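A, B, ... follow the sequence lines: proteins, then strands. Residue 1 opens every chain. All values below come from the heavy atoms of this structure, side chains included, with hydrogens, waters and symmetry mates left out. A quick note: this is a predicted structure, and the numbers were derived from the prediction, not measured.
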There are 2 protein chains.
Amino acid sequence: MTKDAAPSAAGRPRLSGAPTGSPRQDIIREATALFVAKGYAETTMSEIARSAGLRQSSLYYWFARKEHILQALLEENRSSLALAASLEGRSGPAAPRLYAVLHADAMQLCSAPLDFYEFERVARSQPQNFGAFFDDYAALHGLTASIVRQGVESGEFQAVESEDAATAALGLNEGLQRHYRQPLPGLRSYSAEQVSGLSADTTLARLLAAPGKLAAVRAEAADLTAGWNPSAES
Amino acid sequence: MTKDAAPSAAGRPRLSGAPTGSPRQDIIREATALFVAKGYAETTMSEIARSAGLRQSSLYYWFARKEHILQALLEENRSSLALAASLEGRSGPAAPRLYAVLHADAMQLCSAPLDFYEFERVARSQPQNFGAFFDDYAALHGLTASIVRQGVESGEFQAVESEDAATAALGLNEGLQRHYRQPLPGLRSYSAEQVSGLSADTTLARLLAAPGKLAAVRAEAADLTAGWNPSAES
DNA sequence: CGCCTTTTCGATAAGTTATTGAAAGTCTGT
DNA sequence: ACAGACTTTCAATAACTTATCGAAAAGGCG
């Protein structure tokens, strides 16, 4: 049941006559487009089925629950954690590493198919299926706090409590991604790059012992991120 | 239709025999408790009806749509805007006034019956009914930016773009309220006071030209807020 | 007493997620 | 070639949701 992708032409043919490619991937692709356009809660299984070219009840052959489609989406979005894991253990000043991690996380939050909070809501209602989500978050938080601690110990950063600083930094990322996804009426709207820059700038400006170095930190962070390939890590 | 509160004993008696006090207020009260406990989307009209002592369909005599109950809730939660409006025009240093506004806003976000993002989601789906929500937000943002600008001009703050700083400050409040309402597994949990302090501390530490003054600012802000009564303003 | 207003109720429509058993193909072994 | 197993799809339907409608049950008033 729920095989990954069977390009075989077996099974009852579709009424729509549509060419049955890789149903699982088709469903994920169409669902992603709909989630992006309308959000998770507002997208119905009937709409996904119509887009993917089969009937609503047939969807449940591939995904027993609506949340499982979301779960399949999640597993393609873990790159910022990999970057953080890589940069946490690297030598050199902490500030550019922290900037790179925060900026990459914000960019990922902005470009993900789903609003972070919508994702979190679903994850919380299905803890047994989304344990990886919370594990990843806790790991990212821990790595962020670790980089902060390194910066504090080296004197780059002011003397802050590293766990709280990490919570604030990630919370700022989450709060600001909203302003990219859903600009509030009457306020200016931001691009993903602007949101990510604002968030990382704000956190670093708060932490740096020498605030004048922010521009240099930003440039160094760009070097760290350049050529980063999430899947090419040990 | 939808009268405010008619303590008259007219109308068909309830099957439950419950004493029909002020149905509208009863419904709001019970719905609030359920929203706090389970969230808006997960609370059904049937549950609200059961708690309030009438039938599901009878609810629609008092509130034609589920969102109207939420709308009624909103109108009791506008105190931080009033504080901001009061403090924006006041003389004296900007830092304590900004701290007081941000702290009060965070406290309100934490103590509100509904998660900010859940509220925003509903508001966005019913713009004609929730225009006041967006108006209030834009007003709070404008006042916050104004106080930031005052601080920049007086030299208390670093030279920042005031609109962006306000966006970041409010976004941090919104992002952190989540950590109070729904602590993520594996991370420490915060009280409302801790969340609000962390948020206001973080923003002010980022803005202040003299970071060492944060403790003093915090104390002055407490004085500004002390004895503040939302409803006693011109 | 008959009529109007207020409030509640039951029945029901239309939409949602999810289950079930049957149908309609391909594939495999003999 | 063909019986049986396997894969995939479908229609029907259950259980739940928000919301509407007309009827019912009271009080108030001429």
Visitor: Got a salt bridge between Arg149(B) and Glu161(B), using NZ or NE/NH1/NH2 to carboxylate O under 4.0 Å?
Guide: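 Not counted as a salt bridge, because no side-chain N and carboxylate O are separated by less than 4.0 Å.
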
Visitor: Taking NE2 from His68(B) and C1' from dT20(D), how many angstroms apart are they, rounded to a whole number?
Guide: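 Going from His68(B) (NE2) to dT20(D) (C1'), I get 14 Å.
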
Visitor: Figure out the OH/P separation between Tyr61(B) and dA25(D), and round it to whole Å.
Guide: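 Tyr61(B) atom OH is separated from dA25(D) atom P by 18 Å.
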
Visitor: Starting at CZ of Phe63(B) and ending at C1' of dT20(D), how long is that distance when rounded to a whole Å?
Guide: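 These atoms are roughly 18 Å apart.
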
Visitor: I need the CD-P distance between Gln126(B) and dT18(D), as an integer number of Å.
Guide: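 One finds 14 Å between P of dT18(D) and CD of Gln126(B), rounded.
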
Visitor: Can you tell me how far OG of Ser80(B) sits from NE2 of His103(B), rounded to the nearest 0.5 angstrom?
Guide: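 Here the interatomic distance stands at 12.5 Å.
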
Visitor: Roughly, in whole Å, what's the span from CH2 in Trp62(A) to C1' in dT7(D)?
Guide: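 Roughly 8 Å, once rounded to whole Å.
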
Visitor: Looking at Thr144(B), Leu87(B), Leu143(B), which hits side chain to side chain contact (heavy atoms under 4.5 Å, CB included) with Leu98(B)?
Guide: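 Among Thr144(B), Leu87(B), Leu143(B), the one that satisfies the side chain to side chain contact (heavy atoms under 4.5 Å, CB included) with Leu98(B) is Thr144(B).
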
Visitor: Could you tell me if Tyr190(A) and Thr167(B) have a donor-acceptor pair between their side chains, going purely by distance under 3.5 Å?
Guide: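 There is such a pair between these side chains.
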
Visitor: What is the separation between atom CG on Leu59(A) and atom P on dA11(D), rounded to the nearest whole Å?
Guide: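 Distance, rounded to whole Å: 14 Å.
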
Visitor: Hey, could you give me the CD/OG1 distance between Glu47(B) and Thr44(B), rounded to the nearest 0.5 Å?
Guide: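 If I round to the nearest 0.5 Å, the distance is 3.5 Å.
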
Visitor: Does either side chain, that of Tyr117(A) or that of Asp115(B), offer a donor lying less than 3.5 Å from an acceptor on the other one?
Guide: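 No, no side-chain donor-acceptor contact under 3.5 Å.
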
Visitor: Tell me, for nucleotides 9-19 of chain C in 5' to 3' order, what letter each nucleotide earns: B for a base near a protein heavy atom under 4.0 Å, S for only sugar-phosphate near one, - for neither?
Guide: BBB----SBBB

Visitor: Rounded off to whole Å, could you give me the CZ-to-P distance for the Arg24(A) and dT8(D) pair?
Guide: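 Atom-to-atom, Arg24(A) to dT8(D), this comes out as 12 Å.
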
